[in-house]
Amino acid sequence: MMLMLVVAIQDVLDGKYEEKSLTIRGWIYRKRESKQTIFLLVRDASGVVQCTVKRDNPSWTQAKKVTIESSVMLEGTVKHDERAPGGYEIAVENLSIIGLAEVFPITEYKSEEFLRNVRHLWLRSRRMNLIMKVRSEVLRFIHDFFKKEGFVEVSPPMFISSACEGGSTLFGLKYFDKQLYLTQSAQLHLEALIYSLEKVYCVAPSFRAEKSRTIRHLTEYWHVEPEWAFADMDDLMRFEENLLSYICHKTVKNCKKEMESLTVDISKLVAVEAPFPRITYTEATERLNSKGFKIKWGEDFGYDEEKALAEDFGKPFFVYAYPRQIKAFYCKTYRDNPDLVMSTDMLVPRIGEISTGGAREDDKEELLRRLKKLGLREEDYDWYIDLRRYGTVPHVGFGLGLERLLTWMLDLENIIDAIPFPRTIRRFYP
RNA sequence: GCCGCCGUAGCUCAGCUAGGUAGAGCGGCUGGCUGUUAACCAGUUGGUCGUAGGUUCAAGUCCUACCGGCGGCGCCA
């Protein structure tokens, strides 16, 4: 038996194999029959190519039999043909069916609800294929950037024994005969690691039992979190804007085809340029109130307020220096104004917050005061307080929601499409 | 936690306002078609109308409860 060249479909479409005999492997994407010719559109991980089977060819019988989504291996000759989508097609000489598919449930008309029910099959769609490729690349750029900046990737625990912030949004679970929780942020554990490694980061899932019913919430999402010793708020914001610029520019460059096929408007990504606008919470409040909102100083912004600000800027920006009472216990206060904390959110149009970060309280007595004031039990945070007992240092960190970032970058209508198997308040199958 | 919307064939929906024999398109199957672009033409197949009660001579349609789903707010990344 002659050994045939097995190639990726995208390479055929790129014209690398004109008039060559070769083998492709994949799945039947579309099938159209006429009297003399059966047209098989075959997809693999890389793309879709049209293959033609003629009536007088021995593979005609197999081609008659094959169904949508059957897995196949076929041999044939690449022809340049303007009538074929993509300009190239394969004249089939031999077709073998690997797995004959039953009638595939996904057809032309489909509702959101149905596609969510058959998510495990919908992942085969061109759209999900492209989104997952971009997601993979974005992850790679994130890792590249952190490594370039000297950060060490670490692996925090998912099981935790006490809350990071409040307890209400934690998923509890039975851990032998004890009560544990799924982590909602790696921050506290990352803070412990900076005393060894100084600059650390992780990309890991976070779990939130928030009963949120919106297009920008998942109960399980991937969280990009660094912690950085001996750094301040200015370092933090500069780092974040450089990271986002890097991701956007690399994605535009390396995922050109995918972005085109997904009809993403890349101009907003090209336009991302450090430095980003920065406004304080107080300035943001004044700005909003001049537009007709009625925010009292000390109140947090809702989604409407975030959207109004974001539309004003039309690009990513920071809000920083928030009132102490609306932020978590670990936020460091400004020493010249203890009503304010060194906390910053990065916001983007349409989505709102994609990251929250800031300086962490590094003074032990101050941290204890904050814990007490918020009614948190000191003994639950004993190990965390140790970090201020033994060689405390000023440090900063942030958390970036990977799926929110992708939703913004790819203009996704719903965050669920930024992850293969989304978990929401109502969805956990398949 | 609060508010709104949806549930009829494998899929997408109409039918409900004003109660009276369960409909269409897609898909499947059969046949036709000179190269199709999720083709086209003809025929055919296909139903616990989400579930349980109630009103009524009669309920897919009206009422109540429940179940499932989607979205908005709040909360957050």
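Model, not experiment: these values are computed from the prediction. All values below were derived from every heavy atom in this structure, side-chain atoms included, with hydrogens, water molecules and symmetry-related copies excluded. Lettering of chains follows the sequences in order, A, B, ..., and the numbering in each one begins at 1.
- Distances shown here put every side-chain N or O of A:Arg213 at or beyond 4.0 Å from the OP1 or OP2 atom of B:G72.
- Contacts of A:Arg83 with the nucleic acid, taken as non-hydrogen atoms under 4.0 Å apart, include base atoms.
- Note on A:Leu400: nothing from the nucleic acid sits closer than 4.0 angstrom, heavy atoms only.
- Mapping A:Asp304 and A:Thr219 onto RNA chain B by nearest heavy atom places A:Asp304 at the nucleotide closer to the 5' end.
- Taking 4.0 angstrom as the limit, A:Arg208 places a side-chain polar atom (N or O) nearer than this to OP1 or OP2 of B:A77.
- Residue-nucleotide stacking is present for A:Tyr221 and B:A77, judged by a side-chain ring centre under 5.5 Å from the six-membered base ring centre and planes under 30° apart.
- Taking atom P on both nucleotides, B:G71 is separated from B:A52 by 28 Å, rounded to a whole Å.
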Using atom names, set out every protein N or O paired with an N or O of nucleotides 10-12 of chain B below 3.5 Å, distance rounded to 0.1 Å.
| from | atom 1 | to | atom 2 | distance (Å) |
| --- | --- | --- | --- | --- |
| B:C11 | O2' | A:Tyr109 | O | 2.8 |
| B:U12 | OP1 | A:Ser111 | OG | 2.2 |

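- Inspection of the A:Asp345 and A:Thr356 side chains reveals an N or O donor paired with an N or O acceptor under 3.5 Å.
- In the interface, the side chain of A:Glu33 is not paired with the base of B:U36 through any donor and acceptor atom under 3.5 Å apart.
- Pairing of B:A24, defined by two Watson-Crick or G-U wobble distances under 3.5 Å, is identified with B:U12.
- Distance noted for atom C1' between B:G47 and B:A38: 26 Å (whole Å).
- In a base pair of the Watson-Crick type (N1 to N3 plus N6-O4 or O6-N4) or a G-U wobble (N1-O2 and O6-N3), with each distance short of 3.5 Å, B:G68 is matched with B:C6.
- Rounded to the nearest 0.5 Å, atoms CD1 (A:Ile354) and CG (A:Leu405) are 5.0 Å apart.
- Base pairing analysis places B:G1 opposite B:C73; the two distances defining the Watson-Crick or G-U wobble pair are each below 3.5 Å.
- Contact annotation: A:Asn117 side-chain N/O to B:G68 OP1/OP2 distance is not under 4.0 Å.
- Between B:C70 and A:Arg427, a contact under 4.0 Å exists linking OP1 or OP2 to a side-chain N or O.
- In the model, A:Thr77 has a side-chain atom that pairs as donor or acceptor with a side-chain atom of A:Glu93 under 3.5 Å.
- Between B:G23 and B:A9, the two C1' atoms lie 10 Å apart (nearest whole Å).
- B:G53 is paired with B:C63 under the criterion used here, namely a Watson-Crick or G-U wobble arrangement in which both key atom distances are under 3.5 Å.
- Legend: side-chain hydrogen bond (donor to acceptor under 3.5 Å, both in side chains) pairs involving residues 257-266 of chain A, not counting sequence neighbours, sorted by first then second residue: A:Asp265-A:Ser267.
- Under 3.5 Å, the side chain of A:Lys35 and the base of B:G35 form no donor-acceptor pair of N or O atoms.
- Spacing of C1' atoms, B:U56 relative to B:U61, comes out at 13 Å, to the nearest Å.
- Rounded to whole Å, the P atom of B:C2 lies 49 Å from the corresponding atom of B:C40.
- Between A:Phe146 and A:Tyr201, the ring-plane angle classifies as parallel under the 30° and 60° cut-offs.
- Taking the P atoms as reference points, B:U48 lies 26 Å from B:G43, given to the whole Å.
- Judged by a 6.0 Å distance limit and a 45° cone about the ring axis, A:Arg83 is not positioned over the six-membered ring of A:Phe39.
- Separation of the C1' atoms belonging to B:C66 and B:G72 is 24 Å when rounded to the nearest angstrom.
- At B:G35, one or more side-chain N or O atoms of A:Ser34 fall inside 4.0 Å of OP1 or OP2 (strictly under the cut-off).
- For residues 266-280 of chain A, every residue pair satisfying the salt bridge (charged side-chain N to carboxylate O under 4.0 Å, His left out) rule, not counting sequence neighbours, is listed here: A:Asp234-A:Arg278, A:Glu241-A:Arg278, A:Lys268-A:Asp411.
- Taking the P atom of each, B:U8 and B:C3 are spaced 25 Å apart, rounded to whole Å.
- Between A:Arg216 and B:C73 there is a side-chain polar atom (N or O) within less than 4.0 angstrom of OP1 or OP2.
- In this structure, A:Arg116 reaches the B:G71 phosphate: one of its side-chain N or O atoms is under 4.0 Å from OP1 or OP2.
- In this structure, A:Phe151 has its ring center closer than 6.0 angstrom to the ring center of A:Phe239.
- Figure legend: cation-pi geometry between A:Arg287 and A:Phe313, with NZ or CZ positioned under 6.0 Å from the six-membered ring centre and within 45° of its axis.
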